[in-house]
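This report refers to the structure that appears directly beneath it.
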Amino acid sequence: MPELPKTYDPRTVEPKWYARWIDNRDFEANPKLSKPAFSIVMPPPNITGVLTLGHVLNNAIQDILARRARMQGFEVLWLPGMDHAGIGTQTAVEKFLLRTEKKTRHDLGREEFLRRVLDWQEKHGGIIIEQLKRLGCSCDWSRERYTLDDNYIRAVQKAFVDLYNNGLIYRGRRMINWDPAAQTALSDEEVINKPQKGNLYYVRYEIVEEPGRFLQVATTRPETIMADTAMAFHPNDKRYVDLFGKHAWRPLAREKLPIIADEAIDPEFGTGLLKVTPGHDKLDLEIGERHSLPALDVLTLDGRINCPAVPELNGLDRFEARKRAAELLQERGLLSKTELYANNVGFSERSEVPVEPRLSEQWFLRYPKTKEALAVVRDHLIRFFPAHWEKVYAQWLEKIQDWCISRQVWWGHRIPVWYAKCQSPSSKSQIHVGIDPPVDSENWTQDEDTLDTWFSSWLWAYETMDEETRKKFYPTSVLVTAPDIIFFWVARMIIAGLEFKPGKSERDEDNIPFRDVFFTGLIRDKQGRKMSKSLGNSPDPLELIGKYGADGLRFGLMRIAPSGQDIRFDEKQIEEGRNFATKLWNVARFRQMHGPSDAAPKVDNKKLSIFAVEVLARLNETIEAIEKAYSDYQFNAVAQELYDFVWSDYCDWFVEAAKTEIFSADETKKKSALAVMDLVLSAVVRLLHPFMPHITEELWSRLGFGKGSIQFVLPPGKIALGDGDLANKRRLVSEIYEAVQAGRNLRAEANVPSNKKIGFILRTHEKWFYNELLTIARLLNAEEVRLDRQYEAVAGVPVAVTPLGELFLAIAARDKTAERARLDKEIAKIEAEIRTVDSKLKSESFVERAPAVVVEEHRQRAKDFSAQLTKLKQARAALN
RNA sequence: GCGCGGUUAGCUCAGUGGUAGAGCACUACCUUGACACGGUAGGGGUCAGAGGUUCGAACCCUCUAUCGCGCACCA
């Protein structure tokens, strides 16, 4: 067996193993096997996206779950894929065209533009898949899917057609969110409200029937005055009652406006008068419908004024026009005042421009199965982790509105609807809704629009699977996703599952898309800002992999990823992941230096050193803690448990203590210590494998723990330490370790260099640790630890009171002042402890009402402390 | 306005009623026969504030402050 290199080099090890796993088709799921199923569908990244830290976090978690399940004997399907990302991809290509050719998509025409998108996809598509492979993701790449696969397209169309035939999808002219930059309708979820500083303009409207009398109306949008079709006040508002039925002059594009009364008006706001603009405001449209007012549209699709009647404004951009309109009114004496005003404005999530409420003919979905969707989460057929997202989910479903699913975008799933070219108004067949075009297609034109990208992704959990796969792997075991798409995707997938029933029965539990949902946190930068391209604060994960290895990145990130909390990213933490990998590597290397490992180490409980008992007991505790953490999706806790066990319990304590046996001439003892190391190392690499797949596979192979891959080996179970004396042995070890720490502290306080071997004297009547003196000496870096029951130290020789006895440094007396100060500090510490414990014990209510165990614990502590204090005081008195 | 989450060491964060923790950073010593991407020791916290429940509160309850998120309102 070749010796391990001195440092671990992930750059050669990681790609080597990944290639081997792929060659062996280790990640491919076989639905024919009888092993229990475990499945995850990957939230499909955008086809032209590149890997971000968010993806790393999300996919590392999925990989951990998939790899752990594989080890546990599940048949695992982790199904990867990509999303066509309608608006996103189209916008990227449009920007590119404008920059390189100074052309818009309209210049090219639909067909040519789509060809260009495909070129773009050819060039930039799928990069992220290669990056995920570099991360070590164990996806079944043979099943990679795309939301524009032929089958998938048909499935999306079928969903549309079925919903249409069930009366759930309809076409209607309604107020929608219009994105003037992308020039498409958006769903409510794609609009983000942001507080904005603006002005409240007080505009004067003259009363037609009473020339010279003016009404004041407060508005934030004077540029839409030309679309006013009424003035309105609250019917109980006495100020305006006499005006009911009269008219006001519209100040721009002068027209007579009826003055009406409507309950929707808030008399407290502004002047209590509302200019009713049904074409540009949702509330106004409702008022307009109640009073049969016309809805005028004075904006173009790209957000300019379309009103030839006011040439000063016509053609101006909406924000330009707002200023100009205010000036015009000012010039005409119709603007009485302007106030600074903060209100919320809806922005397009994608284009980051304010959306325009707009009356438009679009396709809508009346959500089905909303009650059932609420129930499956409320009744925990689907469990959310962390659970508080259940409430957010429920609130969304309770207030749900119809979903505007059509987009004026070319890249995507074309709406499967055709309109007859020559319509005979009475004919019912002027619309054709179907997966296939009408037979006489030359007489029909297909709807120009495409479907909201989420209308395709909501089928992702099962339309990515064929019949056989679905039978085995649907519903999926768990979905791992970021909470910002809980409405966009998670909720809609649940609805789709319940509505389309892809499961093996009609029952909800067979049709829900997943059983658990784990919501990750969002990764922020060190200042707490969201990572974004424009801020440039998002590190390139590939660069991090280059510096720290994929395993280092994964482990470092997982250790700081608290469940459901946002994560503040700091590269230091990835460095720690890398350092941990190196630590593991080196402690394995240490084992390997002492001969070949035993794949099936046998340990005899009776022959184990007490230090071995301790480390194995800690391993058992760690295994238990890890299992609990996994069941709650507490990945950071799993990582932390492993980190602490490996670094502290195993490396710092056990390996150091075991060196006594490893370097001893006693072959039996040496073998026993090496067997314990094999036991621990073999367990540790298996426990770590889901987090750090490459290095653990390398060590598994190098140390020869098994012939095959570590991927399919059962995780370690707890080791039987059925020794009735276990607790006692563990107590002895902790007393030894405590004494060692006290002794090391003595050395340091006395300025003895770390590498200098020095003598210790232990004054004690205890005998039980005689056999461990060599180990104690090694841990203290002592040349010897001499036992002396009667030892009388010269005043000023440093001493520590330990559970084993009083431990003296075998050096000449120190400067008495320094030693006094040191002891005084120790005494003060102990006295403080005693005060705390005593005050509790003196309290009658504590002694009476606290559990007996707790009281007894406190009594024991008080006893120990005062014994320690007595000895410290004696040492202190000797210095006087 | 409603709802959710956070506030613990200089920093990033663990900690579900009984002795306040880790890593980083800092200080000192150390290249000791796995590891300087390392070892040993040390300093550093009235657990945001106030009140309550309890024998006992970082932890449970109420209120306040503050930061973040979601929803609603938005003339």
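What's counted below: heavy atoms across the whole structure, side chains too, no hydrogens, waters or symmetry copies. As the structure is a prediction and not an experimental result, all values here were calculated from the model. Chain A is the first sequence line, chain B the second, and so forth, proteins listed ahead of strands; every chain is numbered from 1.
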Atom pair CD/CD of A:Glu749 and A:Glu819 - distance to nearest 0.5 Å | 9.0 Å
Which part of the nucleic acid, if any, lies within reach of A:Glu656 when heavy atoms closer than 4.0 Å are counted: base, sugar-phosphate only, or nothing?
-> base
Contact letters for nucleotides 67-75 of chain B, in which S counts primed atoms plus P, OP1 and OP2 and B counts the base, heavy atoms under 4.0 Å = -S-SSBBBB
Any A:Arg861 side-chain N or O less than 4.0 Å from OP1/OP2 of B:rU19 = no
Scan nucleotides 28-32 of chain B against the protein and return all N/O pairs shorter than 3.5 Å with their distances rounded to 0.1 Å.
unit_1, atom_1, unit_2, atom_2, d
B:rC29, O2', A:Ser754, N, 3.0
B:rC29, O2, A:Ser754, OG, 2.6
B:rC30, O3', A:Asn755, ND2, 3.0
B:rU31, OP1, A:Asn755, ND2, 2.9

Specify the separation, in whole Å, of atom CG of A:Leu681 and atom P of B:rA34.
-> 14 Å
Enumerate the protein-to-nucleotides 15-18 of chain B contacts in which both atoms are nitrogen or oxygen and the separation is below 3.5 Å.
none

Working to the nearest 0.5 Å, report the span between NZ of A:Lys863 and CZ of A:Arg861.
-> 14.5 Å
How long is the gap from CG on A:Leu774 to CD on A:Glu784, to the nearest 0.5 Å?
-> 10.5 Å
Step through the shown structure and confirm whether more than 12 heavy atoms of other residues, nucleotides or ligands are within 6.0 Å of CD1 on A:Ile400.
-> yes
Between CG of A:Leu674 and CD of A:Gln592, what distance do you get to the nearest 0.5 Å?
-> 12.5 Å
What interatomic distance, in whole Å, is found between P of B:rU12 and the corresponding atom of B:rG51?
-> 29 Å
Measure from CZ on A:Arg778 to C1' on B:rG39 and round the result to the nearest Å.
-> 14 Å
Contact list (N/O, under 3.5 angstrom) for nucleotides 59-61 of chain B vs protein:
none

Quantified in whole Å, what is the P atom distance between nucleotide B:rG1 and nucleotide B:rC73?
-> 16 Å
Looking only at atom C1', what distance separates B:rG6 and B:rC35, rounded to whole Å?
-> 38 Å
How long is the line joining NE2 of A:His594 and C1' of B:rG33, in whole Å?
-> 8 Å
Using the test side-chain hydrogen bond (donor to acceptor under 3.5 Å, both in side chains), find all partners of A:Thr370 that sit at least two apart in sequence or belong to another chain.
-> none
Residue among A:Gln741, A:Arg744, A:Lys757 satisfying side-chain contact (heavy atoms from CB on, under 4.5 Å) with A:Leu780 = A:Arg744
Are A:Glu661 and A:Lys670 ion-paired here, with the side-chain N under 4.0 Å from a carboxylate O?
-> no
Among A:Phe645, A:Trp647, A:Tyr737, which residue meets the ring-ring contact (aromatic ring centres under 6.0 Å, His included) test with A:Trp653?
-> A:Tyr737
Over how many whole Å does the gap from A:Ile486 atom CD1 to B:rG5 atom C1' extend?
-> 14 Å
Spacing of A:Trp653 atom CH2 relative to B:rG38 atom P, expressed in whole Å | 18 Å
Matching residue for A:Phe635 among A:Phe518, A:Phe555, A:Phe385 - test: ring-ring contact (aromatic ring centres under 6.0 Å, His included) | A:Phe518
Of A:Tyr8 and A:Val587, whose nearest nucleotide on RNA chain B comes first from the 5' end?
-> A:Val587
Does the side chain of A:Lys583 get closer than 4.0 angstrom to OP1 or OP2 of B:rC35 through an N or O atom?
-> no
Please give, in whole Å, the distance from B:rC11 P to A:Glu575 CD?
-> 20 Å
Considering only the P atoms, how many Å lie between B:rG68 and B:rC59, rounded to the nearest integer?
-> 25 Å
Using a cut-off of less than 4.0 Å, is there contact between a side-chain N or O of A:Gln573 and OP1 or OP2 of B:rC24?
-> no
C1' atoms of B:rG21 and B:rA28, separation to the nearest Å | 23 Å
If you round to the nearest 0.5 Å, how far is CG of A:Leu557 from CD1 of A:Ile567?
-> 6.0 Å
For A:Arg578, report the nucleic acid contact type (base, sugar-phosphate, nothing); a contact means any heavy atom under 4.0 Å.
-> base
Side chain of A:Asn745 only, please: which of B:rG5, B:rG42, B:rA34 is the nearest?
-> B:rG42
Heavy-atom nearest pair, A:Tyr201 first then A:Pro222, reads CD1-CD, 3.4 Å
Within this structure, what is the NZ-to-C1' distance between A:Lys757 and B:rU40, rounded to whole angstrom?
-> 14 Å
What distance separates A:Asn579 CG from A:Tyr643 OH, expressed to the nearest 0.5 Å?
-> 7.0 Å
Using the P atoms only, state how far B:rU40 lies from B:rA34, rounded to an integer number of Å.
-> 14 Å
Using only heavy-atom distances, decide whether a donor-acceptor pair under 3.5 angstrom links the side-chain of A:Ser845 to the base of B:rC55.
-> no
Whole-Å distance separating the CD atom of A:Gln640 from the C1' atom of B:rG23 = 7 Å
In whole Å, what separates the C1' atom of B:rC13 from that of B:rG3?
-> 26 Å
Intra- and inter-strand pairs of RNA chain B in dot-bracket (Watson-Crick or G-U wobble, both distances under 3.5 Å; | for another strand) | ((((((((.[[[[.)..(..]]]].(((((.......))))).....[[[[[..)....]]]]])))))))....
Same-atom distance (P) from B:rA25 to B:rC11, integer angstrom = 15 Å
Heavy-atom neighbours of A:Arg11 CZ exceed 12 at 6.0 Å = no
Let me see the working for A:Phe654 and A:Val676 under side chain to side chain contact (heavy atoms under 4.5 Å, CB included), right down to the final yes or no.
-> CA-CA 10 Å; A:Phe654 176 70; A:Val676 172; 3.6 Å; yes
Between A:Val799 and A:Leu823, which heavy-atom pair has the shortest distance, and what is it?
-> O-CD2, 4.2 Å
Picking from B:rA25, B:rG43, B:rA34, which would you name as closest to the side chain of A:Phe590?
-> B:rA34
When you check the gap from the basic side-chain N to the acidic O, do A:Asp228 and A:Arg250 get nearer than 4.0 Å?
-> no
Indicate yes or no: does A:Arg559 engage A:Glu576 in a salt bridge with an N to O separation below 4.0 Å.
-> yes
